[in-house]
Structure formats: structure tokens, C-alpha cells
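All remarks here apply to the structure that follows.
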Amino acid sequence: AVEKLSFTVDNKVRFNTSRLREILFKLEKFVDSTVSIPHQVGFSARWYLDNLFPDPQRSFSYEKVNCEGVNVILNANEKSEAVKLSADGLECRSDATSFESVLSTIEITVPDRWYYEVTLVTDGVMQIGFATKQSRFLSFEGHGVGDDQQSIAYDGCRQKLWYSAEPQIHSQSPWKPGDVI
């Protein structure tokens, strides 16, 4: 909601002259928490400070990121509108009710074998998987990874595998915050 309100110049000025930035500075400190809710609050506060309410006295988070040993990140140019990416490109979140999607910065070539790991911050509905650039992500129509023949996804909340929008039930336990998928 804050993002939509901040798009008008009048509201942006109002937010910047209010105590909002001061509050966001305090909340940003929670980004390093290993506890789910405080971490999400810190992530969102940092994202707002980097993207909506920058302060000339504060460095942008991406200026302080150490990417040593990182081979691939989430691609800011290949994501749906409501996806928020962390400064290091290794974390994303969406507060939208639609199915948002993001691709990585690396292309996988067949017949290589690839994997990646995801550490869950929440246990909500999400589909995590692989997609080609031909996959169509239509978030407001409910189409994301696993919803066409160009992608496949795992959903541990609803306990389903998705391919071509056809779910197959699996027997794994439902996922929970802190699980590594």
C-alpha cells in the first residue's frame, strides 16, 4: 500500500517530511534477524529506504553488498511488478495477492544438471522451480512458474508439483519457515 501511495509527488513529499523515514531506519535493523517476522519487517524497511524514500545521508544497500562467491542472483529485469528484491539479489518477497515471478541471471543449458536452494522465510503459497525465457508470467491472471509447458514448480504449502498448470500431489510434509528447499 505504501508503494502505491508514494507514486504521487504530493504523497512522496508528505512521507519524506513525516516520521516515516525515521521509523524505517529503526526497523531496517531487523533485516539480519533469524526470526521470520522481524526479518520480513527489516527487509521491507530496507527496500523502502532504497527504492521509495532514499536519504542523501544513507548509502544504498547495494553499495555495501559483498558478492564474493556468488555465481547467480535474481534478475531485476526479469521479474513481475510486485516482486521486491534484496540489494544482493539473493532474496525476494511479494506482498501482492497475485502470483509474482522472478528469473535468475543465469541460463541453464541441457543436458547439464542444476540445482539451487531456497531458504523459506514464510510458509505461504508459492511455487518455486525452473522456467525458460519462453515461460509466460501473468501474475494478475494467476500464471507463474509451473503454469505452462515452459516451467515446472514445487509448492510445499499446498503439497503439489506443478507443470503445465496441472498439479500433482506429493507426499512431502508441508514446508515451514526456515526450511531449505
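Here the structure is a predicted model, which means the values were calculated and not measured. The chain is numbered in sequence order, starting from 1.
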Step by step, work out the side-chain contact (heavy atoms from CB on, under 4.5 Å) result for I152 and L161. CA-CA 8 Å; I152 188 166; L161 294 171; 5.9 Å; no
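- Atom CZ of R58 is separated from atom CG of D50 by 4.5 Å, given to the nearest 0.5 angstrom.
- Using modelled atom types, one finds no donor on one side chain facing an acceptor on the other under 3.5 Å when comparing E63 with S61.
- Here S86 contributes atom OG and R93 contributes atom CZ; the two are 12.0 Å apart, rounded to the nearest 0.5 Å.
- Two residues are said to be in side-chain contact when any heavy atoms from C-beta on lie closer than 4.5 Å; Y48 and L20 fail this criterion.
- Ring planes of H39 and F43: tilted class, angle from 30 to 60°.
- Contact of the V121 side chain with the P177 side chain is not registered, since no non-hydrogen atoms from C-beta on lie closer than 4.5 Å.
- Counting heavy atoms from C-beta on, the side chains of L74 and K79 never come closer than 4.5 Å.
- The closest side-chain heavy-atom distance from I181 to L120 is below 4.5 Å.
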Residue pair K64, S59: steps toward the side-chain contact (heavy atoms from CB on, under 4.5 Å) verdict: CA-CA 8 Å; K64 302 181 269 184; S59 298; 4.1 Å; yes
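- A donor-acceptor pair under 3.5 Å is formed between the side chain of D179 and the backbone N or O of K176.
- No single ILVMFWY cluster, assembled from side-chain heavy atoms under 4.5 Å apart, contains both I73 and Y62.
- Residues C157 and M126 fail the side-chain proximity criterion, which asks for heavy atoms closer than 4.5 Å.
- Counting all heavy atoms, side chain and backbone alike, S104 lies closest to V72 at CB-CG2, 3.7 Å.
- Note on K133 versus E78: salt bridge recorded, some NZ/NE/NH1/NH2 to OD/OE distance being below 4.0 Å.
- At a threshold of 4.5 Å between side-chain heavy atoms, the hydrophobic network of Ile, Leu, Val, Met, Phe, Trp and Tyr places I23 and V41 in one connected group.
- Here the OG1-CD distance, from T122 to Q40, works out to 6.0 Å after rounding to the nearest 0.5 Å.
- For the residue pair Q150 and R136, no side-chain donor N or O sits within less than 3.5 Å of a side-chain acceptor on the partner.
- Closest non-hydrogen pair, N75 versus N77, comes out as OD1-N, 2.8 Å.
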Worked check of side-chain contact (heavy atoms from CB on, under 4.5 Å) between L103 and F137: CA-CA 10 Å; L103 295 175; F137 299 135; 3.8 Å; yes
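- A82 and E100 get closest at one heavy-atom pair: N-OE1, 3.3 Å.
- Ring centers of Y116 and F130: under 6.0 Å apart, within the cut-off.
- The ring-ring contact (aromatic ring centres under 6.0 Å, His included) contacts involving residues 148-171 comprise Y154-H170, Y154-W175, where partners must be two or more places apart or lie in separate chains.
- Rounding to the nearest 0.5 Å gives a distance of 10.5 Å between CD of E166 and NZ of K160.
- Not counting sequence neighbours, Q172 has no partner by the side-chain hydrogen bond (donor to acceptor under 3.5 Å, both in side chains) test.
- Of the possible polar contacts, none joining the S33 side chain to the P38 backbone as a donor-acceptor pair under 3.5 Å is found.
- A 4.5 Å side-chain heavy-atom check between R46 and L49 finds every atom pair outside the cut-off.
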side-chain contact (heavy atoms from CB on, under 4.5 Å) between R21 and D55, worked out: CA-CA 8 Å; R21 191 181 287 142; D55 184 304; 3.2 Å; yes
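- With S94 contributing its side chain and A96 its backbone, the two residues share a donor-acceptor pair below 3.5 Å.
- The minimum heavy-atom distance between Q127 and G146, with the atom names listed, is NE2-CA, 4.3 Å.
- Counting heavy atoms from C-beta on, the side chains of V70 and L90 come closer than 4.5 Å.
- Both I106 and V118 sit in one connected hydrophobic cluster of ILVMFWY residues. Membership requires side-chain heavy atoms under 4.5 Å apart, directly or through other members.
- Between the CG atom of L85 and the CH2 atom of W47 there is a distance of 9.5 Å, given to the nearest 0.5 Å.
- Annotation: the span from S101 atom OG to L138 atom CG amounts to 9.0 Å, rounded to 0.5 Å.
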